[in-house]
Visitor: 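The structure is given below, and queries will be raised subsequently.
Just so it is clear, the model here is predicted, and its values are computed rather than measured. One-based numbering, in listed order, for ligands and for the atoms of each.
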Amino acid sequence: AAPHGDPDYEVIVIGAGVCGIYLAYRLKQMGARFTVLERAGDVGGTWHWNRYPGCRFDSESETYGYSFSKELLSEWSWTEKFAPRHETERYLHHVVDKFDLRENMQFNASVVSTRWDEGALCWHVGLADGRQITTRFLLTAIGLLSAPTPPRYAGVDSFKGQSFHTYNYPAEGVDYTGKRVAVIGTGATGVQLISAIADQVGTLTVFQRRPNWCAPLNNGPISSEDMADIKTRYDEIFARCHATPSGFLHDADPRKMFEVPAEEREAFWEDLYAGSGFGIWLGNFKDVLVDNEANVEFSKFVERKIRERVKDPAVADKLVPRDHGFGTRRVPMETRYYEVYNRDNVRLVDLSETPIESITPTGIRTSAEEIPFDIIIYATGFDAVTGAFERIDFAGVGGVTLKEKWREGPVAAFGLAVADFPNLLTVAGPLSGSVATNFPRGIEEAVDWCADFIAFLRERGIDRFEPHHQVEADWGEHVQQMAKKILFAQQQSWFTGYNSNIDRDYEPKAIVYAGGAQRYRRAIGEQTEQGYPGFKLKQA
Ligand code: NA7
């Protein structure tokens with residue numbers, strides 16, 4: 001592109017997952033000149049990559065689809081209460097085809113660098129294949145759990161059998177028959193995977209560092225009658241999600257735990273345990289996630305459940321978390337997970353007792369023994385939220401890099417825009433409220449906000465925007481203040497940027513917004529209503 005002519009595009013979107021697809025829809029509707037650059041060979045993002053058995057979302061299916069098209073809602077039928085990965089991938093393909101979004105998408109187009117050009121007021125976007133493309137506005141939809149982090153044990157590359165991170169699950173599938181399989185990691189991913197393969201493998205050895213509090217998903221089929229009924233209730237369903245802080249159907253019970261007589265409390269908890277999805281986490285008494293004493297009481301209830309389900313008391317001991325209370329980290333939703341440990345072919349290795357020393361060519365060596373394996377699966381999590389940004393070399397005003405700017409933790413005004421990085425919207429980025437909720441619900445609002453902003457800029461011929469430094473700093477402060485109110489923010493987890501497999505220059509702190517969807521909606525809505533006072537806007 002000519003340095004002073006029009007850039008190649010008005011808008012470039014990076015990523016064609018749940019977020020990028022809806023961005024494409026909105027940009028197409030407004031007639032923008034845009035392209036979506038996707039590093040994978042097809043659309044889907046998370047649902048394209050995570051092909052491991054058992055992978056599914058924990059959102060009620062009817063709350064996971066896009067809400068923007070009544071026609072789409074009426075023609076799509078979910079088959080399970082919590083749809084499996086492949087169904088969600090199929091759904092996203094359907095959306096892209098239905099709205100002809102593919103013509104605006106490029107696949108195997110991996111962005112490696114972006115450089116702001118102050119003279120031409122555009123971004124130069126560099127691709128792995130050497131191409132350089134320019135755009136006035138740059139929108140990232142690169143996912144929050146898209147930079148997998150395998151462990152750094154010695155010998156990881158020496159293993160002669162099959163090994164992979166769950167995110168990079170072999171597209172052709174894996175034959176587990178008769179195989180000796182190791183799974184390292186017991187987060188939401190590990191828990192899904194372990195339950196799904198335990199009866200397919202020869203033997204399964206689970207390497208657990210810190211146990212999590214898991215709770216039953218209670219999945220099941222959606223009958224055609226139920227789906228027909230759901231279709232008549234979509235307005236009500238989305239209104240309900242809109243009214244909760246998390247964008248899910250579940251909202252905290254207005255009662256405090258200690259106000260409720262013990263027997264009634266117990267019955268309520270039994271109902272939650274038998275109920276489905278995140279109800280047990282987000283629909284509990286209102287003090288369970290904020291008051292330590294209440295949290296301890298509920299944790300005892302879940303501990304009893306674990307002990308009832310696991311036959312060997314010594315194994316149950318290892319599965320009960322000691323370092324944190326229920327729900328203060330992400331609750332893995334499970335389907336007969338605890339029963340897996342009653343199987344003869346399954347063994348739990350507690351890494352707090354016998355840590356892994358190395359991966360060898362034939363297996364895993366702990367401080368106690370060497371165990372041979374055919375397959376090692378790393379369910380060891382992600383460099384969450386900022387990891388995807390670090391993979392791309394972003395250079396803003398005067399060549400300042402995003403990596404340098406975020407060295408002590410990410411900052412971004414409303415989690416959407418970064419000072420010194422003009423004309424960039426970090427749509428599913430750090431400190432954003434939309435990524436801490438039922439993802440499609442939060443993301444639809446963020447995309448709508450961004451699309452409305454782009455429309456505003458186009459209408460007025462504004463070709464440069466940048467958030468005020470002070471607004472960005474204030475938002476960063478506000479995010480940390482909100483996080484202090486909940487127990488969640490005090491735990492080491494991906495919500496606080498913690499990951500043992502990478503080096504960080506900062507102590508764990510909130511990297512997503514914990515103030516709830518309503519508060520977030522108000523904050524970004526005010527910007528729209530008041531003509532974007534948080535931003536410097538420049539007309540050519
Ligand atoms: P998580 O939730 O970050 O879990 C990663 C798991 O892997 C967790 O149990 C970790 O133990 C364990 N881990 C990580 N590194 C190691 C090493 N080096 N050795 C042993 N064990 C390790 O990632 P998930 O993929 O399960 O879930 C991510 C999100 O995806 C989830 O929240 C859902 O929203 C979807 P630790 O607890 O750190 O001791």
Visitor: Please list, in number order, the atoms of ligand 1 under 4.0 Å from a heavy atom of R210.
Guide: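 Result: 36 (P), 37 (O), 38 (O), 39 (O).
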
Visitor: Under 4.0 Å, heavy-atom basis, I'd like to know which part of R152 is in contact with ligand 1: side chain, backbone, both or neither.
Guide: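 The answer is neither.
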
Visitor: Can a non-hydrogen atom of Q492 be found less than 4.0 Å from any atom of ligand 1?
Guide: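 Contact check Q492 vs ligand 1: negative.
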
Visitor: Kindly identify the option in G187, P211, P332 whose heavy atom sits closest to atom 4 (O) of ligand 1.
Guide: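 The option holding the nearest heavy atom is G187.
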
Visitor: Is there a polar contact between ligand 1 and N212, counting only N or O atoms under 3.5 Å apart?
Guide: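 N/O-N/O distance below 3.5 Å does not exist for this pair.
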
Visitor: Quick check on contacts: which atoms of ligand 1 are under 4.0 angstrom from a heavy atom of L351?
Guide: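 Near L351, meaning under 4.0 Å from one of its heavy atoms, ligand 1 has 20 (C).
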
Visitor: Salt bridge or not between D323 and R210? Use side-chain N to carboxylate O under 4.0 Å.
Guide: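 Between R210 and D323 there is a salt bridge, with a charged N closer than 4.0 Å to a carboxylate O.
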
Visitor: Does Y153 have a heavy atom less than 4.0 Å from any atom of ligand 1?
Guide: yes

Visitor: Starting from atom 25 (O) of ligand 1, locate the nearest protein heavy atom and write down its residue, its atom name and how far away it is, to 0.1 Å.
Guide: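 Minimum-distance protein heavy atom for atom 25 (O) of ligand 1 reads T189 OG1, 2.6 Å.
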
Visitor: Counting only heavy atoms, which portion of T149 has something under 4.0 Å from ligand 1: side chain, backbone, both, or neither?
Guide: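 Looking at T149 and ligand 1, no heavy atom falls under 4.0 Å.
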
Visitor: Please state whether F382 comes within less than 4.0 angstrom of ligand 1, counting heavy atoms only.
Guide: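 Yes.
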
Visitor: Do me a favour and list the nearest non-hydrogen protein atom to atom 32 (O) of ligand 1 with residue, atom name and distance?
Guide: W494 NE1, 2.7 Å

Visitor: Using a plain distance cutoff, I'd like to know if L145 has any nitrogen or oxygen under 3.5 Å from a nitrogen or oxygen of ligand 1.
Guide: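 The answer is no, given that L145 and ligand 1 share no N or O pair closer than 3.5 Å.
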
Visitor: Judging by distance only, is a nitrogen or oxygen of Y498 under 3.5 angstrom from one on ligand 1?
Guide: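 No, since none of the N or O atoms of Y498 sits under 3.5 Å from an N or O of ligand 1.
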
Visitor: For ligand 1, which atoms sit closer than 4.0 Å to a heavy atom of S500?
Guide: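 Those atoms are 15 (N).
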
Visitor: So, for P321 and H324, which heavy atoms are closest and what is the spacing to 0.1 Å?
Guide: CB-CE1, 3.7 Å

Visitor: Starting from atom 37 (O) of ligand 1, what is the nearest protein heavy atom, named by residue and atom, and what distance separates them?
Guide: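 So the nearest neighbour among protein heavy atoms is R329 NH2, 2.9 Å.
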
